[in-house]
Amino acid sequence: MDEQILKPGDRDYVGALASGLEVLQAFDADHPHMTLSEVAARTDMDRAKARRFLLTLHALGFVKRTGRQFELTPRVLQLGYAYQASNQYRAVIQQYLEDITAELGESSSLAVLDGDDVVYVVRSAARHRLMAITLSVGTRLPAAYTSMGRVLLAQLPQSELEIYINRIQLERHTLSSITEKNVLREEIDKARNLGYAVVDQELDLGLRSVAVPAYSASGELLGALNISTNAARVDMDTLLNMYLPRLQIVADQIRQAAR
């Protein structure tokens, strides 16, 4: 098979499968239970189409129905488990991240790029909480405003990066948030040149993080590693001169271990 990505309308594109997955993804932390009308609205489908997909997912055991309310079942976890099980190196990375947390008392994570977001795939959480939301495996955050996201965007071919820059809408999450695309492009270029990225309170007040890319021994990009901390507790000098070198050592250890 070639590397061309199918688009809706292409002969081999299965629209029904795409719509079914869209219905599954409509459920999230803010929408754990929904009626048929709510699912239809969130997926921009008509009620009849949304109903067929919900009832099919219900028959397959991925959705539970209670009265008018629909919700996901634990069977959905099998999809995520298949991804985790097919990437055995993540057990090794988990141990390295836990070592960082034990040594520095900070949270550390591995994330991959998925569309315009980063998705957490391995995480070691410190006792203190950094954001209003709970970060865990599967959490999605906007790539533009995370250190891991900028590191991963820096790995894209220039043509793909330009498509991303032209597509996204930048938001002001805090007073420090970048809202101009040319400035974001400069930050991504800086991450490419330096080999790391720092994001200081652009997504959430008080959240400061540093990230580096993680590769396997064969040169495959596994994702981005980060250490996140509280800006009031850890200054930029400590982040760059203590945390960054520790993260770079772990990235080198992963490169040697992930084969």
Side-chain angles (χ1 to χ4, degrees), residues 1-6 79-101 106-124 135-168 178 184-199 202-203 209-228 239-240 243-259:
M1 296 181 64
D2 57 35
E3 295 296 325
Q4 183 178 2
I5 298 177
L6 295 177
L79 302 176
Y81 175 76
Y83 173 73
Q84 292 286 70
S86 66
N87 294 277
Q88 296 296 333
Y89 61 81
R90 290 203 166 86
V92 176
I93 295 176
Q94 180 72 51
Q95 185 57 60
Y96 285 125
L97 299 189
E98 289 176 0
D99 289 344
I100 289 176
T101 300
E106 305 290 358
S107 296
S108 186
S109 307
L110 174 80
V112 296
L113 191 64
D114 184 30
D116 297 345
D117 298 329
V118 292
V119 181
Y120 284 70
V121 294
V122 186
R123 178 162 171 80
S124 174
L135 299 178
S136 59
V137 172
T139 296
R140 306 176 71 93
L141 294 178
Y145 296 104
T146 63
S147 58
M148 291 187 291
R150 290 182 187 171
V151 161
L152 293 170
L153 290 168
Q155 313 306 310
L156 293 177
Q158 195 62 38
S159 58
E160 292 184 29
L161 178 59
E162 287 305 315
I163 292 173
Y164 165 81
I165 293 289
N166 292 330
R167 179 178 67 240
I168 61 166
I178 289 175
L184 175 62
R185 186 184 288 105
E186 290 173 1
E187 289 299 314
I188 294 171
D189 288 342
K190 184 189 299 184
R192 183 185 298 110
N193 295 330
L194 295 176
Y196 69 86
V198 171
V199 171
E202 291 191 44
L203 182 61
S209 66
V210 59
V212 300
Y215 298 93
S216 69
S218 62
E220 174 194 1
L221 179 65
L222 303 179
L225 298 166
N226 90 329
I227 296 176
S228 52
L239 192 76
L240 292 176
Y243 288 10
L244 174 58
R246 185 70 179 87
L247 204 54
Q248 290 170 326
I249 289 172
V250 168
D252 188 57
Q253 291 172 326
I254 290 172
R255 181 184 289 109
Q256 297 177 49
R259 299 182 181 276

query: Is any side-chain heavy atom of N226 closer than 4.5 Å to a side-chain heavy atom of S109?
result: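 Yes, side chains in contact.
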
Under the side-chain contact (heavy atoms from CB on, under 4.5 Å) test, which residues partner [X], sequence neighbours left out?
X	answer
A143	L113, V118, L153, Y164
I165	L161, K181, L184, R185, I188
A224	M148, V151, L152

What pairs with [X] under side-chain hydrogen bond (donor to acceptor under 3.5 Å, both in side chains), at least two apart in sequence or on another chain?
X	result
T146	none
S108	none
Y145	none
Y215	Q155

Name each donor-acceptor pair under 3.5 Å that joins a side chain in residues 247-254 to protein atoms two or more places apart or in another chain, with its distance.
{"unit_1": "D252", "atom_1": "OD1", "unit_2": "R255", "atom_2": "NH1", "d": "3.4"}
{"unit_1": "D252", "atom_1": "OD2", "unit_2": "Q256", "atom_2": "NE2", "d": "2.9"}

message: Strictly distance-based, threshold 3.5 Å: is any side-chain N or O of R90 a donor or acceptor partner for the main-chain N or O of L110?
response: no

query: Judged by atom type as modelled, is there a donor-acceptor pair below 3.5 Å linking the side chain of S124 to the main-chain atoms of S107?
result: no

query: Is it true that R150 and E202 have a side-chain N and a carboxylate O under 4.0 angstrom from each other?
result: yes

task: Check salt bridge (Lys or Arg N to Asp or Glu O under 4.0 Å) between D99 and all other residues, then give those that pass, not counting sequence neighbours.
output: none

